[in-house]
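This report refers to the structure that appears directly beneath it.
The sequence lines fix the lettering, A, B, ..., with proteins before strands; numbering per chain opens at 1.
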2 protein chains.
Amino acid sequence: MIQNAMSVAMAEVIAQRFHLLADPTRIRILDALRGNPLTVGALTDEIGTSQQNISKHLGLLHRAGIVAREKDGVCVHYRIADDTVFELCEEVCGGIHRHLNGLQTMMDEGVAR
Amino acid sequence: MIQNAMSVAMAEVIAQRFHLLADPTRIRILDALRGNPLTVGALTDEIGTSQQNISKHLGLLHRAGIVAREKDGVCVHYRIADDTVFELCEEVCGGIHRHLNGLQTMMDEGVAR
DNA sequence: CAACTTGTCAACTGTTCAGTTGTAGAGTAA
DNA sequence: TTACTCTACAACTGAACAGTTGACAAGTTG
């Protein structure tokens, strides 16, 4: 029972973390920050959505410790604070590839279930 | 531009994969399947939600190739098909710990920003 | 100082989705 | 054969959330 209670809470925390990465706009933001720190304005130009929207997503990522920020006059530079998120993305891509390969194999063998 | 277009589609696929793990019930299902294959009924008992709900989540995980299933009379046994999802969970737990440690350090140093 | 730029926040809206309710089909036992 | 168990699917509902609109504060420039 105690183990069960902890598992529920843990699952919730883990799910929330995954949820931060379960949005294409946020993934693209993180990808854009992979090379260099960028301002909200630069991200707005690069991602092609509104500045308020970018700011909102960055706020979520910052509060979770995934990005860090630095004020610079009127500008704020954001940079990656936890770069293991890229390892997560790569692992997820691996899983997608394996799944596609499995489907491909199945179709090639003419086995449809 | 071409790079940009691919990045949008990739981000979408990656986000969808993360989304499958961004739900506490599905995380608990995967955790329950970590040891041995289980039936829908057994998972229903263990997780404590309805059978139809469990079946629905399992359907999503199965279509994504994360779990596999095997019919056995009236029962269906589900098992983990892609166990790298546990590596993903562990990495995410690492990120959570780092974040909490960072907050702890900040509070200990009496620096609140 | 006023005008402008930059970024954050609140409120709103429409879409998505987890959980629930209901049901039907497959398999098994009596 | 009927009755029961097990599972998957459809339809529904309310909560969550991504994107948008509006507003405001901080910083910079002329």
Problem - Salt-bridge present (A:Arg26, B:Glu12; N to O < 4.0 Å) - result: no
Problem - Presence of salt bridge, A:Arg17 and A:Asp82, under 4.0 angstrom - result: yes
Problem - Same apolar cluster: B:Phe86 and A:Met10, side chain cutoff 4.5 Å - result: yes
Practice task
Report whether A:Leu43 and A:Val74 are members of the same hydrophobic cluster (ILVMFWY, side-chain heavy atoms less than 4.5 Å apart, transitive linking).
Solution key: no
Just the table, please: protein N/O against nucleotides 10-12 of chain D N/O, every pair under 3.5 Å.
none

Fill in the blank from the handout: The single option from A:Leu61, A:Ile29, A:Val40, A:Leu30 that satisfies side-chain contact (heavy atoms from CB on, under 4.5 Å) with A:Tyr78 is A:Val40
Handout entry: Shortest side-chain distance from B:His19, nucleotide among D:dC9, D:dC17, C:dC17
Key = C:dC17
Problem - Closest nucleotide among D:dA18, C:dT8, C:dC9 to the A:Arg63 side chain - result: C:dC9
Fill in the blank from the handout: Quick tally for nucleotides 24-30 of chain D: nucleotides whose base has a protein heavy atom under 4.0 Å get B, sugar-phosphate-only ones S, the rest -, giving --SBS--
Fill in the blank from the handout: Judged by nearest nucleotide, the residue sitting upstream toward the 5' end of DNA chain D, B:Thr44 or A:Leu60, is B:Thr44
Exercise for the section: Identify, between A:Thr25 and B:Val40, the residue whose nearest nucleotide on DNA chain D lies closer to the 5' end. Expected result: B:Val40
Are any of [X]'s side-chain N or O atoms less than 4.0 Å away from OP1 or OP2 of [N]?
{"X": "B:Arg26", "N": "C:dA18", "value": "yes"}
{"X": "B:Tyr78", "N": "D:dC6", "value": "no"}
{"X": "A:His57", "N": "D:dG19", "value": "yes"}
{"X": "B:Arg69", "N": "D:dA8", "value": "yes"}

Practice task
Please report, rounded to the nearest Å, how far the C1' atom of D:dG22 is from the CG atom of A:Asn53.
Solution key: 15 Å
Handout entry: Protein-nucleotide distance (A:Leu21, atom CG; D:dC17, atom C1'), rounded to Å
Key = 16 Å
